[in-house]
2 protein chains.
Amino acid sequence: MASEQNLLTRVAYQYYILGQTQQEIAETLNLGRSTISRLLTRARQEGIISIKIAGADTELLALEAQLKERFGLRNVDLISTTTDMSEQDKETALAHESARYLKQIIRPNDHVGIAWGSILAKMVGQLDHPKTTNAIFVPLVGGPSAANAEYHVNTIVYDLARQFGGTSVYINAAAVQESRYLRDGIMHARYFQELANAWQHLDIAFVGVGGPLAKATNSHWRDLLTEADIMLLKEQKAIGDCCCTFFDQHGKLLAPSLRQRTIAIALSQLQKVPISVAVARSQNKVPSLKALLSMAIVNTLITDEETARALF
Amino acid sequence: MASEQNLLTRVAYQYYILGQTQQEIAETLNLGRSTISRLLTRARQEGIISIKIAGADTELLALEAQLKERFGLRNVDLISTTTDMSEQDKETALAHESARYLKQIIRPNDHVGIAWGSILAKMVGQLDHPKTTNAIFVPLVGGPSAANAEYHVNTIVYDLARQFGGTSVYINAAAVQESRYLRDGIMHARYFQELANAWQHLDIAFVGVGGPLAKATNSHWRDLLTEADIMLLKEQKAIGDCCCTFFDQHGKLLAPSLRQRTIAIALSQLQKVPISVAVARSQNKVPSLKALLSMAIVNTLITDEETARALF
DNA sequence: CTCTCGCCTGCACATTTGTGCAGGCGTTAG
DNA sequence: CTAACGCCTGCACAAATGTGCAGGCGAGAG
């Protein structure tokens, strides 16, 4: 009943199981309260105390913690996907979680930037009771090609703003222009300044991640790229993009000539946003997502379990 | 990831597994710290969190808590006995634990009262490194019959005092006298006053419990009783004694005529001692021990697992 | 649409827990 | 036996946690 180990378990029992206060334990054992505190610390260190969380998908939570650690993220939010879900279902689930997360973190009068992305587009309408806030929603990238007009990024920010009782700013230019002069002209135009200004004062940014070029067929904006752009990107081994900025597996930004024709927030600017959230899933986005995370452009990640596992 | 249950497990995980502070959790979830505190309370209540103490004889500790609750005791200390131990071994183990416990609770200059009892007698010499203190050890009952002189209670207090670097007071009378006049005379004698005075200022008292009369053969003092005493006690259904005071299963004190011839601390006085410890074990002492505990004479119990279980 | 009711939250304060520092006791080497 | 070393403890302060109270928000009735 005396020896070391035994004392530890006794103290641990009284504290954790009986719920006694350290002071009470100290009195029954005729020891100083500090001593009890130290004994408990030892007991925890020596693993005498094991705490289990019932009914929880602990693995998922552990995975979140690991990812957070691995990429130095502020926060990671994972959803569990079951094998019987279609890709469609998984995307919807992720969009729903993204919307919920936005609701969770948004504060009154926040400036919220939204980039292009199939999942971000699906966020709209996922919430039963969106918080009413006076947030300002702004696009982070230019619009799609004329062929995809109905998926215009303006639509997303407009709908989100309406749901959250806020306002939205529109973007009146396609994501990729034909020349850097055209792009510079637009970005320096008076009507563009509101947007440019908003980009500098973002509180929250939600971005997607683009996968490899080969899969570009279903993209809503990549048809704006020229043959030459694509050639160049392939040559430089692009593995994906974020906000229309391409990079390789090492996180190196590619094709300056293309970047100079792109109307979108710069990644360096995105990096300064207090809460910058990447939302993405699927096997083929793993390499680009991994690169993006390594670049420390975003500080928050929302994805699903299978994608998360592939990130290590 | 959102709903109630899920939030609870998440918070519990971050707090208990990851060891984050409530403040940190509140920040990642964008909630108030108080809310996290409340969520954790709920999680504990709903049993989402299960804490196990590794390698511990948890049952023993649980038993202690139950006994404490059941009899309103200040403290309970149990030792585990294995079936391969002889009765002798078990007694020694209990004596050892009693000695250890005394060492644990004793403070400098304490007045420590010791009653008769086979286990109390064995306490002597059980400690490797007794604390040095200036405690005063006093007997709580008179000595044994002449036939058992070598087990005199004075020997115990003397040895204990020596081990703890303190002093001892002796008692110069047998536990039971032949008449109340003789007893009163002794107890009012000048030389007895030091003892009587000590009884009023006890900080700690260790007492044993006597079993039923039928088993009295191995007692060191019950041969002082007369035939008439024994007849009377049996008639009144005595189940045991403490400090030479007999009681029945309801805790009723018996045989006033005998009590008036007894030289021992009164149970009512024992009740006032801040830390009063009963040390006893074995099946045949269960009824008397149970009665004693119900009387709330002592506030601390040291026994073994099997005896403890039988007390319910 | 308006009002009421009740739950939930944040705030501020009380309690509980954690920790650096200084002093005491025991142990060991000489 | 003495002295030096180191572990352990209590103290006092810092950090973290628990909780009553008041205000806000949404659900539901009228």
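Reminder, nothing fancy here: chain letters follow the sequence lines and each chain counts from 1. This is a predicted model, so every value here is computed, not measured. Worth knowing before you read on, the calculation uses all heavy atoms, side chains too, and leaves out hydrogens, waters and symmetry mates.
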- Task: Mind calculating the distance between CD1 (A:Ile36) and P (C:dT19) to the nearest angstrom?
- Result: 16 Å
- Query: Can you find a side chain N or O atom of A:Gln22 that sits less than 4.0 Å from OP1 or OP2 on C:dG18?
  - Reply: yes
- Message: Taking any heavy-atom pair under 4.0 Å as a contact, classify B:Thr21: base, sugar-phosphate, or nothing.
- Response: sugar-phosphate
- Message: Return whichever of A:Arg38 or B:Leu31 has its heavy-atom-nearest nucleotide of DNA chain C closer to the 5' end.
- Response: B:Leu31
- Query: If we fit an axis to the first five pairs and another to the last five of the helix from C:dC1-D:dG30 to C:dG30-D:dC1, what angle do they make, to the nearest 10°?
  - Reply: 30°
- Message: I'd like to check A:Gln66 versus A:Leu63 (side-chain heavy atoms, cut-off strictly below 4.5 Å). Are they in contact?
- Response: yes
- Under the side-chain hydrogen bond (donor to acceptor under 3.5 Å, both in side chains) test, which residues partner B:Lys90, sequence neighbours left out? B:Glu306
- Task: Figure out the CD/P separation between A:Gln45 and C:dG18, and round it to whole Å.
- Result: 12 Å
- Item | Any residue meeting side-chain hydrogen bond (donor to acceptor under 3.5 Å, both in side chains) with A:Glu27, in chain and number order, not counting sequence neighbours | A:Gln23
- Name all residues meeting the side-chain hydrogen bond (donor to acceptor under 3.5 Å, both in side chains) criterion together with A:Glu305; count only those two or more places apart in sequence or in a different chain, and write none if there are none. A:Arg309
- Item | side-chain hydrogen bond (donor to acceptor under 3.5 Å, both in side chains) against A:Arg33, all qualifying residues, sequence neighbours excluded | A:Gln22
- Item | Nearest-angstrom distance from the residue atom CD of A:Gln20 to C1' of C:dT16 | 14 Å
- What residues, two or more places apart in sequence or in another chain, satisfy salt bridge (charged side-chain N to carboxylate O under 4.0 Å, His left out) together with A:Asp203? none
- Task: Keeping to residues at least two apart or across chains, list the salt bridge (Lys or Arg N to Asp or Glu O under 4.0 Å) pairs with something in residues 155-169 of chain A.
- Result: A:Asp159-A:Arg162
- Contacts satisfying salt bridge (Lys or Arg N to Asp or Glu O under 4.0 Å) that involve residues 270-279 of chain A (not counting sequence neighbours) are none
- Query: To the nearest Å, how far apart are B:Arg33 CZ and C:dA12 P?
  - Reply: 12 Å
- Range on DNA chain D touched by chain B, heavy atoms, distance below 4.0 Å: D:dA16 to D:dG20
- Message: What is the distance, to the nearest angstrom, from the CG atom on A:Leu40 to the P atom on C:dG18?
- Response: 7 Å
- Item | For atom OH of B:Tyr16 and atom P of C:dT17, their distance in whole Å | 11 Å
- Counting any heavy atom closer than 4.0 Å, what does A:Ser34 reach on the DNA or RNA strands: base, sugar-phosphate only, or nothing? base
- Message: How close do B:Leu140 and B:Phe206 get, counting heavy atoms only, and between which atoms?
- Response: CD1-O, 4.2 Å
- Query: Can you check whether A:Ser37 has a side-chain N or O nearer than 4.0 Å to OP1 or OP2 of C:dG18?
  - Reply: yes
